[in-house]
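Here's the structure we're looking at; comments come further down.
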Amino acid sequence: MVIGRKAGLVGGLVTLAMAGGALVMPAQAQSNALAMLGGLSKGEWTIRFRDGAPSRKICVRSGDELIQLQHDDRNCSRFVVEDGAIEVTVQYTCRGNGYGRTNIRRETATLVQIESQGIANGLPFQFLAEARQTGSCK
């Protein structure tokens, strides 16, 4: 398939994606709200890392807090890879501080499984964790 100059990048991507049965949208046009994460219970969550690293507590207000556990910078750009009813995958880039890809699978509104990998502070990271609501935020 040859795409002419007038078709432009977006038109070419949409044409190419539709041929594959999916619709590709630029990252800026995607909604920031991930339905599955928005349906999680709000409050304090405890994250238990499977590698034996110390547990961590975070306050979950929107569910997005579970995406970038290795990057505190909230100005990272995100690309939603999968936005399903029980599972989401988000790839993100934090300019000057690395990147990551996180998959979160919902078991209940108060329990999720997290898998994440990437680069933070110049070093690679990879972890598996279980996050569970354990109370209200202080």
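Values below: all heavy atoms of this structure, side chains included; hydrogens, waters and symmetry mates excluded. Note that the structure is predicted; figures quoted are calculated from it, not measured. Quick note: residue numbers are just sequence positions, from 1.
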- Task: Using the rule that two of Ile, Leu, Val, Met, Phe, Trp, Tyr join whenever any of their side-chain heavy atoms come within less than 4.5 Å, decide whether Phe49 and Ile104 are in one cluster.
- Result: yes
- Selection residues 90-122 - residue pairs positive for disulfide bond (SG atoms under 2.5 Å apart), sequence neighbours left out: Cys76-Cys94
- Would you indicate whether Ile86, at its atom CD1, is surrounded by more than 12 heavy atoms from other residues, nucleotides or ligands within a distance under 6.0 Å? no
- Task: Look up atom OH in Tyr92 and atom CD in Gln68, then write down how far apart they are to the nearest 0.5 Å.
- Result: 5.5 Å
- Task: List in chain and number order the residues that pass side-chain hydrogen bond (donor to acceptor under 3.5 Å, both in side chains) with Gln70, two or more places apart in sequence or in another chain; answer none if no residue qualifies.
- Result: none
- Message: So which atom in Gly39 and which in Ala109 form the shortest heavy-atom distance, rounded to 0.1 Å?
- Response: O-CB, 4.0 Å
- Task: Would you mind telling me which of Ile58, Thr102, Val88 makes a side chain to side chain contact (heavy atoms under 4.5 Å, CB included) with Leu66?
- Result: Ile58
- Task: Rounded to the nearest 0.5 Å, what's the gap from CD1 on Ile67 to CG on Leu37? Could you check?
- Result: 5.0 Å
- Measure the CG-CG distance between Asn121 and Asn97 for me, rounded to the nearest 0.5 Å. 5.0 Å
- Could you tell me which residues satisfy side-chain hydrogen bond (donor to acceptor under 3.5 Å, both in side chains) with Thr93, sequence neighbours excluded, listed by chain and number? none
Just list the side-chain donor-acceptor pairs under 3.5 Å for residues 131-138, sequence neighbours left out, or say none.
{"from": "Arg132", "atom 1": "NH2", "to": "Glu130", "atom 2": "OE2", "distance (Å)": "3.3"}
{"from": "Gln133", "atom 1": "NE2", "to": "Lys42", "atom 2": "O", "distance (Å)": "2.6"}
{"from": "Thr134", "atom 1": "OG1", "to": "Glu44", "atom 2": "OE1", "distance (Å)": "3.2"}
{"from": "Thr134", "atom 1": "OG1", "to": "Thr46", "atom 2": "OG1", "distance (Å)": "2.9"}

- Query: Once you round to the nearest 0.5 Å, how far does CG of Leu69 lie from CD1 of Ile47?
  - Reply: 4.5 Å
- Query: So which residues get pulled into Ile119's cluster when ILVMFWY side chains under 4.5 Å apart are joined, directly or through others?
  - Reply: Tyr99
- Query: What salt bridge (charged side-chain N to carboxylate O under 4.0 Å, His left out) pairs are there with at least one residue in residues 99-117, not counting sequence neighbours?
  - Reply: Arg105-Glu107
